[in-house]
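A note on names: the letters A, B, ... follow the listed sequences, proteins ahead of strands, and every chain is numbered from 1. Basis for what follows: all heavy atoms, side chains included, without hydrogens, waters or symmetry-related copies. As the structure is a computational prediction, the values presented were derived from the model and not from experiment.
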There are 2 protein chains.
Amino acid sequence: MNVDQALELLKDQGYKYTGKREEMIRVIAKEKRYMSAKEILDYMKPDYPNISFDTIYRNLSLFTELHILEETEFNNERKYRFSCAHKDHHHHLICLRCGKTKHLKLCPLDGLLGNPDDFTITDHKFEIYGYCQQCE
Amino acid sequence: MNVDQALELLKDQGYKYTGKREEMIRVIAKEKRYMSAKEILDYMKPDYPNISFDTIYRNLSLFTELHILEETEFNNERKYRFSCAHKDHHHHLICLRCGKTKHLKLCPLDGLLGNPDDFTITDHKFEIYGYCQQCE
DNA sequence: CTCTTTGCAAAACATTTGCATGCCT
DNA sequence: AGGCATGCAAATGTTTTGCAAAGAG
């Protein structure tokens, strides 16, 4: 999904266009990495000095609901991190320092032969952590 | 590792034996599932009415450091479980409601052909979430 | 006796909510 | 105009820290 499609989706679902929403999506799309709410806020402060955490959080969860963003946690931080969603199911290598991501086509669930009979699978997480070249 | 080995390890490392530490380890070992700090606290309240979150958290992070416990997060909460006897590298199916786990031999990293050259892998996480028979 | 562990209280921190005002459509 | 979006302030919930008292070796 690109920025324009995301904005289109918002509009289609009856949500309003605001400059803040657009900038939030643009920043996260441009960075191509998992960002914390605080990082996103700091990015927007220059353009919107009064912007508050509420707006960031409210929009982050809206975007996540609409599958515009993906959410994860790592580094034991009680912090959500967000990045742009893609259509295809995929997983990530994630840099523990800067949050940068690399895509991974491999999905380990493909190696499983359907549901175990005593457990209903609803979701899964496969992430590889480490350090990218710049952060090494 | 079993409970006695865990207590032994504590002693060997110069940490003191206390009834609270023992009960914490016993409870988590007995439950065989991921528990939150609050769940552990509630379990111990009857025996130690004055026990506080500080003690729980301080001991949880000590135990995790010593690899007596494993740590993960889901449902937006950090959870801990007793690190079981399995020496082998493994992953889990985890019940999102009760935290119960099932072992999984499959490790997706085995399907990867070594390190990508621009990313140093240090760690990974593969967890399957869903609901166990009782919680369904 | 000495050093660790604990409880208490309060701080730190990320996140959420109520309410009144402001802005998109 | 009408309803969603936002800022402010305050609440929530989890985890952490400083300090003095209690407990283990």
Name the orientation class of the two ring planes belonging to A:H124 and A:H89 (parallel below 30°, tilted from 30 to 60°, perpendicular beyond 60°).
tilted

Which salt bridge (Lys or Arg N to Asp or Glu O under 4.0 Å) pairs, counting each pair once, include a residue from residues 49-65 of chain B, with sequence neighbours left out?
none

Under 4.0 Å from OP1 or OP2 of D:dA22: is there any side-chain N or O of B:N50 that close?
no

May I have all residue pairs that pass ring pair (Phe, Tyr, Trp, His ring centres under 6.0 Å) and include part of residues 24-51 of chain A, sequence neighbours excluded?
A:Y34-A:H92

Report the distance from atom CG of B:L62 to atom P of D:dT16, rounded to the nearest whole Å.
13 Å

Expressed as a whole number of angstroms, how long is the span from B:N75:CG to D:dG13:P?
16 Å

For the student: nearest non-hydrogen atoms of A:L10 and A:R21, plus distance:
CD1-CD, 4.1 Å

Tell me: CD1 of A:I51 to P of D:dC8, nearest whole Å?
11 Å

Polar side chain donor-acceptor pair, B:T72 to B:E127, under 3.5 angstrom:
yes

Kindly state which residues belonging to residues 4-31 of chain B come within less than 4.0 angstrom of DNA chain C, counting heavy atoms of the residue only, listed by number.
B:Y15, B:K16, B:T18, B:K20, B:R21

Could you tell me, to 10°, how much the axis swings from one end of the helix from C:dC1-D:dG25 to C:dT25-D:dA1 to the other, five pairs per end?
30°

B:R58 side-chain proximity, nearest of C:dT15, C:dC8, C:dT17:
C:dC8

Counting the atoms with a prime plus P, OP1 and OP2 as sugar-phosphate, which does B:S52 contact under 4.0 Å by heavy atoms, base, sugar-phosphate, or nothing?
base

Taking atom types as modelled and ignoring hydrogens, do the side chains of A:S83 and A:R33 form a donor-acceptor contact shorter than 3.5 angstrom?
no

Could you state the OH-P distance from A:Y57 to D:dT12, rounded to the nearest angstrom?
18 Å

Could you check whether A:D54 gets within reach of a base, just the sugar-phosphate, or nothing at all, counting any heavy atom under 4.0 Å?
base

Residue pairs involving residues 89-109 of chain B (criterion salt bridge (Lys or Arg N to Asp or Glu O under 4.0 Å); sequence neighbours excluded):
A:D118-B:K102

Report the distance from atom OH of B:Y80 to atom C1' of D:dT14, rounded to the nearest whole Å.
10 Å

Would you please indicate if the ring centroids of A:H91 and A:H103 are separated by under 6.0 Å?
no

Residue pairs involving residues 4-18 of chain B (criterion side chain to side chain donor-acceptor pair (under 3.5 Å); sequence neighbours excluded):
B:Y17-B:E22

Length of the CZ-P vector between B:F53 and D:dT12, whole Å
16 Å

